[in-house]
Every structure is written in C-alpha cells, then in structure tokens.
Amino acid sequence: MDRQEDVVKVVKQWIVHPGRPAKLGKRDPGATPGCPSKAQAVEELPGMLEELRALQYRLFAENRRTVLVVLQAMDAAGKDGLVRGVFSGLNPQGCTVTSFKAPSPEELHHDFLWRIHKAVPPHGEIGVFNRSHYEDVLVVRVHDLVPREVWKARYDQINAFENLLAANGVTLVKIYLHISREEQKKRLLERLDNPERNWKFSEADLAERKYWNDYEAAYEAALGRCSTPAAPWHVIPADHKWYRNWAVAHLLLRTLRDMKLTYPAPRGDVATLKRKLRAMK
Ligand code: ATP
Ligand code: MG
C-alpha cells in the first residue's frame, strides 16, 4: 500500500469517533500502527519535522488561524519527552508551551476556563497545552475537588468552549498519550534509579498511581463526551517513546496539510516594487 494512504488510515484509528465511547481498555498502548520499527521512526522523523517547520512558517505568514495542541496523559506517559522530541523542532517564535498546574488562589476565583482561554495563542501561532482544562474533569473528579454536579456540567461547557474556539480560527489537536500501567511502573522506577531524574518523583506520584482505575474511568468519560466533530480526541499508543513522537509528528503534519495554508498576496505589485527599489540609492 502507498505509504501516504497507509498513514491516513492510521490517523483514523487514533480518533475517538464523536458520540462513541473511547474504549481505552480495548486500545493497546504498545501498538505501533503505521510505523512498525524504531529504525523507521528515527529515519522518518527529521523529514517530518522539516515539513512541519515549513508549514509553521506558512501558518505564521497567513496569520489568520491558530493551532492548539492539547496534551493529556497519566503521569510518566511522556508529555515532556514529546515536547522535547517534536515541538522543540519548531520555530520557538511561533510556538508556545503552557503547563497547567493546580490553579492559583486567583485562578480559583474565576471560572475554570478563564486561565485556559487567556493562554490560547494568537493567530499565526502553534500552542501546546501540557495538561489543560481537562484536568477540571480528571484530577478534580478523581479527588472530589468540587461537587459532582459542578464537574458533571463541565463536559458540555468544554464542548461549547472548544466549539467557540474552532469557529474562531483555532484548530484543536487533542492528544491522549496512552500508556499501560506496567509501563508507568517501569518508567517511575527508572526515574528513581536515575540521579538526573529522581528529583521528579515524589510521594504524591505514588499516591496518584493508586488511583489508576479512577483516572482511567475519568479519561474514558472525558474522551467519550468531549470528542466532537470540531475537536476530536486522538488516542496515541505511547508505551514506545519513538512511536509516540512519530505518531504525533504525523498527526500534526496531517492537520497542517489539511488546513491548506497559503501565503498572503504581496502588498503591492512586485514588479513595480522591484523597479522602484532598484532605482533607489
Ligand atoms: P512532571 O512530569 O514534571 O511531573 P506534571 O505535569 O505532572 O509534570 P506536576 O507539577 O507534577 O507537573 O503536576 C501538576 C499537577 O497539577 C498535576 O497533579 C495536575 O493534576 C495538577 N493540576 C492541573 N490542573 C489542575 C486543576 N485544574 N485542578 C487541580 N489540579 C490540577
Ligand atoms: Mg508530575
């Protein structure tokens, strides 16, 4: 099969179809559809990043639309690794990464989307949300941080908010990095063994792991209820780091290609401008 067609099919497999359940339990975090080997991923990634940079430049030149990547995952699923492996390949002038931590007292005195909306980048840019408004139906739901009726109402509020963004020139690329419980354990143990990384690990991470099933249920609900035609969710198998990076680069490429980005027309007649410039001192 033609490689391009092959990859289009793969993107379809990652999508959570609007109105249907995500069925995370049935999706294999170790799968590698479309790219069976690490060697192939390593070979293809640089070319993909190069094309992404070219498309990013067009997005910037066009200056009419925004791309917003929403990244969610269990601990140690590789959000940071993905940002380093894929997004660091873009031009930093047009790409911002925002990490959302527990809300500050000021943020808590506003609605949950206040801090999120403020962080959406302007036209011409690519934004990456490392965690997002989805935390307000994930960690908040798992730990009962607000009453049930409050978080339950948020799925519809999120859909309305994302529809508003989409209708105003924001292309959302929502990505859930899907790792297995065993892979998380392996990575957390590796962190503890590595003096350069064990600062990242705390008692709190251990405590969160105990809630794995609750998080899985919360993700299942969030991905199922908030995958919409305007802003679908993608479940990226992430047990293999090389596959995760390859897959996200591909998803971004497809998104940017499908946007049919064009350069604006030159401001003035190029031939006249050239003639005038040549005539100048
Ligand atoms: P790292 O890989 O470096 O640990 P991280 O994204 O886990 O990255 P942390 O500072 O460890 O960063 O965690 C941020 C914490 O903030 C997470 O536990 C997350 O659940 C929490 N958080 C984010 N948004 C909210 C929210 N709206 N309400 C409550 N907690 C939130
Ligand atoms: Mg953490």
Side-chain angles (χ1 to χ4, degrees), residues 29 68-88 96-120 127-159 161-162 174-181 183-223 225-226 236 238-239 241 244-245 248:
L68 181 60
V69 179
V70 172
L71 276 184
Q72 284 291 157
M74 301 276 200
D75 280 328
K79 290 183 276 90
D80 292 341
L82 176 70
V83 170
R84 276 195 308 277
V86 174
F87 294 98
S88 67
T96 48
V97 181
T98 311
S99 297
F100 291 98
K101 310 282 180 188
S104 68
E106 189 196 13
E107 287 166 346
L108 283 173
H109 284 296
H110 290 268
D111 70 86
F112 76 105
L113 293 168
W114 180 70
R115 64 175 185 162
I116 306 293
H117 206 161
K118 274 205 302 187
V120 175
V128 182
F129 283 179
N130 183 343
R131 301 187 188 266
S132 66
H133 43 304
Y134 283 93
E135 292 292 328
D136 292 282
V137 289
L138 294 165
V139 64
V140 167
R141 166 177 159 151
V142 169
H143 292 292
D144 295 317
L145 300 182
V146 298
R148 193 180 169 80
E149 316 82 74
V150 174
W151 62 253
K152 276 194 123 175
R154 288 181 174 165
Y155 300 105
D156 289 340
Q157 291 163 1
I158 288 174
N159 289 343
F161 169 65
E162 292 181 356
K174 299 192 299 193
I175 295 171
Y176 172 64
L177 301 180
H178 188 33
I179 58 160
S180 62
R181 204 172 182 156
E183 181 64 20
Q184 186 194 55
K185 187 170 186 177
K186 201 178 119 208
R187 291 190 191 175
L188 293 176
L189 282 169
E190 274 166 18
R191 278 192 191 178
L192 283 174
D193 281 338
N194 182 343
E196 281 174 20
R197 289 171 65 79
N198 59 15
W199 62 272
K200 268 194 148 190
F201 195 85
S202 70
E203 204 58 53
D205 289 305
L206 271 190
E208 283 307 274
R209 192 174 149 78
K210 289 195 200 125
Y211 292 96
W212 179 277
N213 290 337
D214 295 339
Y215 271 107
E216 206 165 56
Y219 269 110
E220 182 68 37
L223 271 55
R225 295 203 50 186
C226 299
I236 302 291
D239 270 4
K241 295 174 183 172
R244 171 201 73 203
N245 288 1
V248 171

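First listed ligand is number 1; within each ligand, the first listed atom is number 1.
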Are side-chain N/O atoms of [X] and [Y] paired as donor and acceptor at under 3.5 Å?
X	Y	value
Q184	R209	yes
E162	H133	yes
E183	H178	no

With respect to [X], determine whether any N or O atom, backbone or side chain, lies less than 3.5 Å from an N or O atom of ligand 1.
X	result
R115	yes
R131	yes
S132	no

Any non-hydrogen protein atom less than 4.0 Å away from atom 11 (O) of ligand 1: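 So atom 11 (O) of ligand 1 lacks protein heavy-atom neighbours under 4.0 Å.
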Quiz item: cation-pi between K118 and W114, 6.0 Å / 45°: yes
Geometric cation-pi criterion R115 and F100, 6.0 Å radius, 45° cone: no
Spacing of NZ belonging to K210 relative to CG belonging to D205, to within rounding of 0.5 Å: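 It is 12.0 Å, given to the nearest 0.5 Å.
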Subset of ligand 1 atoms that lie under 4.0 Å from at least one heavy atom of [X]:
X	answer
D75	7 (O)
K200	2 (O), 3 (O)
K101	9 (P), 10 (O), 12 (O), 14 (C), 16 (O), 22 (N), 23 (C), 24 (N), 25 (C)
D136	27 (N)
V140	28 (N)
K79	6 (O)

Name the closest protein heavy atom to [atom], giving the residue it belongs to and the distance to 0.1 Å.
atom	result
atom 4 (O) of ligand 1	R191 NH1, 4.5 Å
atom 1 (P) of ligand 1	D80 OD2, 4.0 Å
atom 20 (O) of ligand 1	E135 OE1, 3.0 Å
atom 30 (N) of ligand 1	V139 CG1, 3.5 Å

Sidechain-backbone polar pair: Y215 side chain, A73 backbone, donor-acceptor under 3.5 Å: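 No: the side chain of Y215 does not pair with the backbone of A73.
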Side-chain (D193) to main-chain (E190) donor-acceptor, under 3.5 angstrom: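 A pair under 3.5 Å: no.
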Identified side-chain contact (heavy atoms from CB on, under 4.5 Å) partner of F112 from the options R154, E135, E107: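 For F112, the side-chain contact (heavy atoms from CB on, under 4.5 Å) test succeeds with only one of R154, E135, E107, which is R154.
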Of V69, L71, I116, the residue whose pairing with F129 passes side-chain contact (heavy atoms from CB on, under 4.5 Å): I116
Option of least heavy-atom distance to atom 28 (N) of ligand 1 (set: A102, P103, S202, A77): P103
